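Right, one structure below, let's go through it.
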2 protein chains.
Amino acid sequence: MTTDPATDDRSPGVPNRPSAATLRDVAEAAGVSKASASRALDPASQYVSSNMRTRVLDAAGRLGYRPNASAQATTTGATAMVAVLVSDIRDPYNAEIVHGVIEQAGASGLVATFAGTDHAIDDEIRVVRMMRSLRPHAMILTGTRSGSTVSRSSLEDELARYTHEGGRVVIAGDDELPFDTAVVPRLRGASALVDELFRLGYRSPALIRPDRDSAAARRWEDGVVEAAERHGMRIERGAVARAPMTRDGGYDAAADLIARRPEHLDVILAATDAMAIGAMTAMRDVGLTPGAEIGVAGFDDAVGAEDVTPGLTSVDLALARVGAASVELALTGSGDRRRIEFEPRVVVRGTTPVRPR
Amino acid sequence: MTTDPATDDRSPGVPNRPSAATLRDVAEAAGVSKASASRALDPASQYVSSNMRTRVLDAAGRLGYRPNASAQATTTGATAMVAVLVSDIRDPYNAEIVHGVIEQAGASGLVATFAGTDHAIDDEIRVVRMMRSLRPHAMILTGTRSGSTVSRSSLEDELARYTHEGGRVVIAGDDELPFDTAVVPRLRGASALVDELFRLGYRSPALIRPDRDSAAARRWEDGVVEAAERHGMRIERGAVARAPMTRDGGYDAAADLIARRPEHLDVILAATDAMAIGAMTAMRDVGLTPGAEIGVAGFDDAVGAEDVTPGLTSVDLALARVGAASVELALTGSGDRRRIEFEPRVVVRGTTPVRPR
DNA sequence: CTGAAAGCGCTTACAG
DNA sequence: CTGAAAGCGCTTACAG
């Protein structure tokens with residue numbers, strides 16, 4: 001028919017372009033000055049008569065007034081915003097962290113703005129540049145990143161620019177970049193898991209680790225090996241399998257491990273819950289009951305560990321808390337580089353019963 | 001040591017509070033007026049000598065200048081922002097949609113701002129109010145919501161306020177709210193799946209559906225039943241099991257179905273891939289090979305459907321496209337209520353081989 | 001306690 | 001093509 005009603009409707013003398021109520025509108029409706037309206041609307045402002053306050057609040061309510069955050073930001077020079085750079089939101093680990101960020105941001109009266117970086121440092125650089133325009137209170141980087149050394153230092157430069165203009169940078173997940181970090185306790189978690197398994201009586205673990213190398217996988221393996229050595233548990237050669245990071249990868253690796261069963265093998269540790277669940281199926285397919293003859297433990301306690309039977313022993317990495325802590329780090333400024341690491345929680349379920357010795 | 005270097009350093013005569021370079025800084029550095037600097041920085045502006053442009057661009061580069069988005073927004077009255085309200089980012093369905101939103105927003109030069117609503121309409125109302133302050137170009141609502149009728153109409157009121165002031169509202173996922181919608185094609189997907197199974201020779205399906213009722217589950221079941229009836233396939237009484245929406249739920253339901261095997265049962269349809277994968281395990285545990293005697297199909301093709309052996313037949317709901325389409329709907333205004341629905345894609349894998357008749 | 005005025009960092013007619 | 005000026009919607013000293 002006619003053009004967009006949202007921008008049209010310019011009948012003579014009736015300038016009716018839709019637009020939000022402004023402070024001026026509220027002030028006029030309440031019959032006071034803009035300054036007074038502004039104060040009355042600010043819960044922290046003291047010098048306001050209660051009469052004034054109610055009149056203004058009334059008018060604001062009637063008009064559905066919401067302050068213009070952009071105007072507030074240009075006036076005060078501060079935004080109530082954190083920018084989050086996330087490699088891939090579909091990754092459950094990232095999603096869990098992001099969930100924590102959103103929750104904590106909401107609780108702190110901040111809004112969280114997101115951009116995807118697709119694991120590529122060059123994307124991150126671009127995104128940091130873009131986000132700088134928003135003058136967010138802080139930027140939180142999560143997920144993994146890969147790129148050339150040149151890219152990496154460009155990223156650091158761009159982030160340095162941002163901190164020089166008063167912004168805060170927080171890394172959620174690993175501590176490879178020189179900023180405040182909320183650490184995902186992979187190493188510590190893996191090692192606590194082995195501690196617990198030792199306590200339960202296990203002595204001879206086999207490992208299923210991802211065939212593609214990553215910092216995450218390395219931390220897990222380092223933690224396992226460190227604790228195993230500490231307890232004098234031996235990981236036999238031939239007791240480490242590499243496989244794709246999927247359920248079927250875990251299945252094949254476990255089948256393989258069981259076939260050429262290392263001498264005293266009494267528990268299989270997988271780098272992810274999905275692989276561990278695959279391993280459980282592999283055990284069943286050769287007539288073993290997970291937990292009965294050989295224990296099984298996963299890692300991350302992300303998806304489905306409690307959905308299987310018996311429940312899968314795993315490690316809760318407190319990812320949502322990592323996300324929340326990132327926001328808190330962003331909020332509490334400091335000169336020094338800080339590092340928060342939560343205690344991971346080993347969750348013992350049916351796949352690792354006490355092993356009498 | 002001393003106080004925060006970021007806010008300190010107020011040596012007499014050296015006011016060095018860190019803050020971003022402004023247009024004025026750029027103009028001064030380039031020796032031109034702010035107006036000229038502004039134009040030179042705007043790629044769309046025509047009336048700029050190339051000499052002027054390079055000088056300004058140079059200065060901006062040296063200073064690491066990034067325009068203040070808030071100031072731009074208060075000047076122009078427009079933000080390059082979409083606000084996304086998501087019930088729970090940890091839900092893989094939402095994550096997939098959100099991924100599409102982030103991608104498309106990035107491609108369109110928009111930033112995406114998120115808030116969690118925890119499935120509660122009252123949270124959504126609160127969040128809409130908060131987000132209205134940001135004057136986003138559009139709000140995109142995704143995920144499910146529950147709340148009283150009163151709450152629901154309050155939400156509609158708050159959203160109406162927003163549209164009255166020129167904002168756009170888009171629903172990603174279902175079309176229960178009276179706004180533009182990018183639909184998740186559950187009904188259509190379920191019915192296309194049954195079409196395909198019929199073509200493959202299956203005639204007698206059993207259903208595993210979630211025990212908790214939801215719009216999503218209903219759409220799936222409606223689609224299945226509609227297509228089955230259309231093809232004259234009979235779903236016997238006793239051929240519908242209800243179970244928790246987990247792998248184990250699927251396991252138990254399938255075990256049950258198989259135990260009291262309905263007469264001609266030749267394929268089991270589960271409402272989610274997770275349940276279907278559980279069903280596959282149940283089949284194995286009674287000596288059946290998924291796909292050999294009885295077919296299995298999941299739904300959503302979200303997690304792990306191709307990781308199992310044989311691969312699980314499922315339906316790709318194109319959730320990322322739903323997210324991307326939401327952004328496009330937000331960008332292309334219109335007076336009428338619009339509804340975009342993509343064609344879901346049935347992905348046939350090893351669990352449903354051709355069934356010779 | 002209240003209001004007039006200045007200013008935040010921009011953009012954009014309006015004159016040259 | 002360039003610059004001075006006005007204005008966007010706020011907040012906050014500064015006077016009353």
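Since we're looking at a predicted model, the values are computed, not measured.
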note = Test side chain to side chain contact (heavy atoms under 4.5 Å, CB included), reference Val86(B), set Val127(B), Asn94(B), Ile140(B), Ile97(B), output is Asn94(B)
DNA chain D: 5'-proximal contact among Thr75(B) and Gly31(B) (nearest heavy atom) = Gly31(B)
message = Treating Arg338(A) as the side-chain partner and Asp180(A) as the backbone partner, does any N or O pair qualify as donor plus acceptor under 3.5 Å?
response = no
query = Looking at CZ of Arg39(B) and CE of Met52(B), how far apart are the two atoms once the value is rounded to the nearest 0.5 Å?
reply = 7.5 Å
ask   = Got a donor-acceptor contact below 3.5 angstrom from the Ser326(A) side chain to the Val322(A) backbone?
value = yes
key: Dot-bracket summary - DNA chain D, pairs being Watson-Crick or G-U whose distances fall under 3.5 Å, with | when paired to another strand   = |||.||||||||.|||
message = Can a side-chain donor-acceptor contact be found between Gln104(B) and Ser108(B) if the only test is distance below 3.5 angstrom?
response = yes
query = Heavy atoms, side chains only, cut-off 4.5 Å: are Val170(B) and Val82(B) in contact?
reply = no
dT12(D) to dG16(D) separation - C1' atoms, rounded to the nearest Å = 16 Å
request  = Check each residue of residues 34-65 of chain A for a non-hydrogen atom within less than 4.0 Å of any atom in DNA chain D, then write out the ones that pass by number, or none.
outcome  = Lys34(A), Ala35(A), Ser38(A), Arg39(A), Tyr65(A)
task = Before accepting this row, confirm whether a basic side-chain N of the pair Arg126(B)/Asp123(B) lies closer than 4.0 Å to the acidic partner's carboxylate O.
result = yes
ask   = How long is the span from the OG atom in Ser70(A) to the CG atom in Leu134(A), to the nearest 0.5 Å?
value = 9.0 Å
Value rounded to 0.5 Å, distance of OG1 in Thr113(B) from CG in Leu85(B) = 10.5 Å
message = How close do Ser45(A) and Arg53(A) get, counting heavy atoms only, and between which atoms?
response = O-NH2, 3.2 Å
inquiry  = With heavy atoms of chain B within less than 4.0 Å as the criterion, where does contact along DNA chain C begin and end?
reply    = dG9(C) to dA13(C)
